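Below is one structure; the comments refer to it alone.
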Amino acid sequence: KAGVTQTPRYLIKTRGQQVTLSCSPISGHRSVSWYQQTPGQGLQFLFEYFSETQRNKGNFPGRFSGRQFSNSRSEMNVSTLELGDSALYLCASSRAGQGPDTQYFGPGTRLTVL
Amino acid sequence: TQLLEQSPQFLSIQEGENLTVYCNSSSVFSSLQWYRQEPGEGPVLLVTVVTGGEVKKLKRLTFQFGDARKDSSLHITAAQPGDTGLYLCAGVEYNFNKFYFGSGTKLNVKP
């Protein structure tokens, strides 16, 4: 079974631009969560999608948004990029998203904002 | 502020030594998970502990969940270079399907 894939793996943008990251979950997984990982703040939860609906949201500004498609693939968008948005963005998929479920992480997209 | 505090932040030891990593919180969680992350990859789940006081063993790794379900520890016996990586604990809230990650412990095991 293929693992979670994320594209692109690396991205360089400048301040003010916007970016879209993509995540393909493991086949059969309906929940996709997004995280931001930085050396200073660690791994922070952005949001979770289940059956095309945002079910949970972390404490990030509205510039961070996402969506999920009917095939469970998910995208996250960051508008008006700031230097502080430079981070590793990870997505994780799980089967049903309830209880002590196992999250499977992708390799991440390394975003650098100049 | 991190909901979960891990200590130590960095650990550099020789092969064969033992070590313990701690994960503490003032919040109660439904369960607690431990992950290991290697450079260029996403975190990989090692274990989930659910019951207060629970102890789980995974080869040379021993995980313990505190009685009050607020803290946890990871003990590695006879560390090997292959154990090198970033260890993350995550508190799980079932009702909200939310995961709160600790700040991480970067372990380096020297041969």
Side-chain angles (χ1 to χ4, degrees), chain A residues 2-10 21 23-26 29-51 53-60 68 87-110, chain B residues 1-10 21-25 27-52 54 56 58 63 65 69 72 85-106:
Chain A
V4 177
T5 57
Q6 291 187 246
T7 55
R9 291 294 309 276
Y10 302 92
L21 312 181
C23 172
S24 292
I26 291 172
H29 286 193
R30 296 167 64 191
S31 170
V32 173
S33 298
W34 287 90
Y35 295 85
Q36 181 195 67
Q37 187 174 31
T38 59
Q41 296 296 318
L43 231 160
Q44 307 242 315
F45 173 75
L46 280 155
F47 29 65
E48 183 226 357
Y49 286 87
F50 181 77
S51 292
T53 301
Q54 187 181 86
R55 188 161 63 171
N56 280 306
K57 192 176 187 306
N59 296 323
F60 277 81
Q68 187 180 33
L88 180 68
Y89 289 88
L90 293 159
C91 84
S93 76
S94 59
R95 189 171 299 277
Q98 293 288 354
D101 207 356
T102 298
Q103 288 189 107
Y104 296 86
F105 283 84
T109 294
R110 172 77 59 187
Chain B
T1 328
Q2 293 280 8
L3 202 58
L4 285 159
E5 295 292 335
Q6 282 186 241
S7 61
Q9 286 189 0
F10 302 95
V21 177
Y22 298 94
C23 175
N24 296 301
S25 175
S27 300
V28 176
F29 294 104
S30 305
S31 68
L32 200 135
Q33 300 182 330
W34 284 93
Y35 294 77
R36 182 170 70 214
Q37 183 178 18
E38 298 185 27
E41 298 180 12
V44 175
L45 179 67
L46 296 172
V47 78
T48 300
V49 284
V50 180
T51 308
E54 181 177 3
K56 277 192 175 177
L58 191 68
F63 305 86
F65 201 11
R69 305 212 317 276
S72 180
L86 178 68
Y87 288 81
L88 296 157
C89 66
V92 186
E93 285 183 358
Y94 288 170
N95 288 346
F96 304 102
N97 199 47
K98 276 188 167 180
F99 294 77
Y100 298 91
F101 280 83
S103 46
T105 294
K106 206 164 190 176

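Protein chains get the first letters and strands the later ones, always in sequence-line order, with residue 1 at the start of each. Since this is a predicted model, take the numbers as computed values, not measurements.
- Annotation for Leu43(A) and Pro43(B): closest pair CD1-CG, 3.9 Å, computed over non-hydrogen atoms.
- Gln37(B) and Gln37(A) form a side-chain donor-acceptor contact under 3.5 Å, judged by distance and modelled atom types alone.
- Heavy-atom distances place no part of Arg110(A) under 4.5 Å from chain B, backbone and side chain included.
- Phe105(A) CZ to Tyr35(B) OH: the interatomic distance, rounded to the nearest 0.5 Å, is 5.0 Å.
- Heavy-atom distances place no part of Tyr100(B) under 4.5 Å from chain A, backbone and side chain included.
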* To do: Give the intermediate values and the outcome of ring-ring contact (aromatic ring centres under 6.0 Å, His included) for residues Tyr35(A) and Phe101(B).
  => CA-CA 10 Å; Tyr35(A) 295 85; Phe101(B) 280 83; 5.3 Å; yes

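- Other residues, nucleotides and ligands place more than 12 heavy atoms under 6.0 Å from the CZ atom of Phe60(A).
- By the side-chain contact (heavy atoms from CB on, under 4.5 Å) test, Lys106(B) pairs with Phe10(B), Leu86(B), sequence neighbours left out.
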